[in-house]
S.K.: 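Take this structure first; my questions come after.
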Amino acid sequence: MDYRKITVAGSGVLGSQIAFQTSFKGFEVTVYDINDEALERAKERIEGLKPRYQEDLGATKEDVEAAYGRMSFNSDLKQAVAEADLVIEAIPEVVQIKTDFYKQLGAAAPRKTVFATNSSTLLPSQFAEATGRPGQFLALHFANEIWRNNTAEIMKHPGTDESVFGDVIAFAKAIGMVALPLQKEQPGYILNSLLVPLLEAAQLLLVKEIADVETIDKTWMVATGAPLGPFAILDVVGINTAYNIGLAKAKETGNEHDQKAADLLKSVYIDKGKLGRETGEGFYTYPNPSFLSPDFLRG
Ligand code: NAD
């Protein structure tokens with residue numbers, strides 16, 4: 001099926017980006033959120049995206065205004081999904097909120113509508129029942145700054161119809177994403193299944209005092225040709241997010257080094273306002289971090 005009308009539910013950080021990217025690529029998009037104040041905030045966020053599309057993608061003013069013109073905003077769920085071929089859900093990462101939402105959505109949406117969750121950490125099978133249409137439900141997971149970091153991980157749950165999986169893969173490509181299909185459910189999808197262990201291993205090398213930040217990053221960069229080492233990646237992810245993940249792991253394992261790694265992020269970085277690239281300092285200082293200096297990879 002060719003999707004034309006898309007509703008994005010939840011218009012926060014990711015929802016605004018998904019909605020704007022989708023309309024930028026020519027689709028008609030309805031943005032849904034719980035009330036009109038939330039939708040006003042979404043409009044402000046989207047205003048902020050327009051210059052980014054112009055700077056990063058070379059889009060013209062006409063392009064971004066035309067994209068905005070294809071968007072509408074509605075806080076009435078039934079109206080917002082009345083014509084939707086596809087609803088992309090980007091509401092808070094809270095099981096109860098999502099479960100309640102899918103029950104309401106399943107009752108409000110036409111029979112044809114497919115639902116996709118952008119959840120980062122929850123599996124679609126957790127909500128399949130609540131949707132009332134498990135065959136037409138799956139995960140479609142984007143990365144922050146979707147217009148530049150254009151991955152779309154498309155993940156089935158055991159009940160997803162094969163044709164729906166194929167249609168959502170085609171849709172992801174149509175909105176400019178590199179479509180990355182996952183044939184089975186996997187917590188963390190592909191990217192975080194690779195990235196989280198790398199970042200954790202780097203932090204353990206540091207707290208065990210095996211090597212310093214720059215040596216660890218240098219090792220990874222020289223040996224694999226990667227443009228960033230794990231600590232430079234942590235600065236992009238943001239130290240708060242890294243801390244939340246690290247703390248959850250320390251609680252789960254009870255491991256002393258995991259706890260030490262979380263404590264280090266809190267006391268040396270978060271408490272001093274060093275939250276990574278967005279604050280200009282984390283493991284490195286920006287805009288000229290040492291790992292970008294020509295000598296970094298030589299010595
Ligand atoms: P956010 O807090 O910025 O936005 C959530 C939005 O959902 C808010 O506008 C809020 O008003 C709205 N909302 C709350 N309850 C709702 C309901 N019942 N119905 C409709 N809207 C509701 O959150 P976010 O960072 O955009 O994350 C949203 C989802 O996207 C989460 O599942 C998260 O895991 C996922 N995600 C986030 C990122 C990221 O970098 N922020 C990246 C990939 C995926």
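Both backbone and side-chain heavy atoms feed into the values below; hydrogens, waters and symmetry mates do not. Both counts, for ligands and for their atoms, begin at 1 and track the order of listing. Numbers here simply count residues along the sequence, with the first being 1.
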S.K.: For atom 30 (O) of ligand 1, grab the closest protein heavy atom and report residue, atom and distance to one decimal in Å.
M.R.: Asn118 ND2, 2.9 Å
S.K.: Any N or O of Val13 that comes nearer than 3.5 Å to an N or O of ligand 1?
M.R.: yes
S.K.: If we count only N and O atoms by modelled type, under 3.5 Å, do the side chains of Asp263 and Gln259 hold a donor and an acceptor together?
M.R.: yes
S.K.: Would you please determine whether Gln104 falls within less than 4.0 Å of ligand 1 on a heavy-atom basis?
M.R.: no
S.K.: Any atoms of ligand 1 less than 4.0 Å from a non-hydrogen atom of Pro92? List them with their elements.
M.R.: 5 (C), 7 (O), 13 (N), 14 (C), 15 (N)
S.K.: Using the ring of each side chain (for Trp, its six-membered ring), is Tyr102 parallel, tilted or perpendicular to Phe127, with breaks at 30° and 60°?
M.R.: tilted
S.K.: Side chain or backbone, does Arg45 bring an N or O within less than 3.5 Å of an N or O on ligand 1?
M.R.: no
S.K.: Transitive ILVMFWY cluster of Leu180 at side-chain heavy atoms under 4.5 Å: who else is in it?
M.R.: Val178
S.K.: Would you say the rings of Tyr53 and Phe20 are close, in the sense that their centroids are separated by under 6.0 Å?
M.R.: yes
S.K.: Is the closest N or O pair between Glu89 and ligand 1 shorter than 3.5 Å?
M.R.: no
S.K.: Do Leu14 and Val94 share a hydrophobic cluster (ILVMFWY, side-chain heavy atoms under 4.5 Å, transitive)?
M.R.: no
S.K.: Given 3.5 Å as the limit, does a donor-acceptor pair link the side chain of Gln17 with the main chain of Glu145, or not?
M.R.: yes
S.K.: Are any of the heavy atoms in His141 under 4.0 Å away from ligand 1?
M.R.: yes
S.K.: Quick one: look up the protein heavy atom nearest atom 40 (O) of ligand 1 and list residue, atom name and how far away it is.
M.R.: Asn144 CB, 3.6 Å
S.K.: Using a strict cut-off of 4.0 Å, indicate which atoms of ligand 1 neighbour a heavy atom of Lys98.
M.R.: 31 (C), 32 (O)
S.K.: Compute whether any side-chain donor of one residue and acceptor of the other, for Ser120 and Glu93, lie under 3.5 angstrom apart.
M.R.: no
S.K.: For the backbone of Ala38 and the side chain of Asn35, can you confirm whether one donor and one acceptor N or O come within less than 3.5 Å of each other?
M.R.: yes
S.K.: Sort out for me which residue in Lys249, Lys251, Lys208 forms a salt bridge (charged side-chain N to carboxylate O under 4.0 Å, His left out) with Asp258.
M.R.: Lys249
S.K.: Test of understanding: given a 4.0 Å heavy-atom threshold, classify the contact between Tyr32 and ligand 1 as side chain, backbone, both, or neither.
M.R.: side chain
S.K.: Name the closest protein heavy atom to atom 17 (C) of ligand 1, giving the residue it belongs to and the distance to 0.1 Å.
M.R.: Ile34 CG2, 3.5 Å
S.K.: With atom 5 (C) of ligand 1 as the reference point, say which of Ala90, Gly238, Ala80 has the nearest heavy atom.
M.R.: Ala90
S.K.: Identify, for atom 41 (N) of ligand 1, the protein heavy atom at the shortest distance, and state residue, atom and that distance.
M.R.: Leu14 CD2, 3.7 Å
S.K.: Verify, without hydrogens or angle tests, whether Gln203 (side chain) and Leu199 (backbone) share a donor-acceptor contact under 3.5 angstrom.
M.R.: yes
S.K.: Nearest to atom 6 (C) of ligand 1, what protein heavy atom do you find, and at what distance?
M.R.: Gly12 N, 3.7 Å
S.K.: Distance to 0.1 Å, residue and atom name: give those for the protein heavy atom nearest to atom 43 (C) of ligand 1.
M.R.: Phe142 O, 3.1 Å
S.K.: For the 3.5 Å polar cut-off, considering only N or O atoms, please tell me whether Glu93 and ligand 1 meet it.
M.R.: yes
S.K.: May I ask which of Ile88, Val8, Ile91, Leu77 has a heavy atom nearer to atom 20 (C) of ligand 1 than the others do?
M.R.: Ile91
S.K.: How close does the nearest protein non-hydrogen atom get to atom 44 (C) of ligand 1, and which residue and atom is it?
M.R.: Ser120 OG, 3.0 Å
S.K.: Spell out, as yes or no, whether a donor-acceptor pair under 3.5 Å connects the side chain of Asp33 to the backbone of Leu39.
M.R.: no
S.K.: Looking at atom 23 (O) of ligand 1, tell me if a protein heavy atom falls under 4.0 Å from it.
M.R.: no
S.K.: Mind telling me whether Tyr189 and His141 have parallel, tilted or perpendicular rings, with 30° and 60° as the class edges?
M.R.: parallel
S.K.: Is the distance between the ring centroids of Tyr284 and Phe291 less than 6.0 Å?
M.R.: yes
S.K.: In terms of residue, atom name and distance, what is the protein heavy atom nearest to atom 11 (O) of ligand 1?
M.R.: Asp33 OD1, 2.8 Å
S.K.: Heavy-atom pairs closer than 4.0 Å: do any link ligand 1 to the side chain of Arg41, the backbone, both, or neither?
M.R.: neither
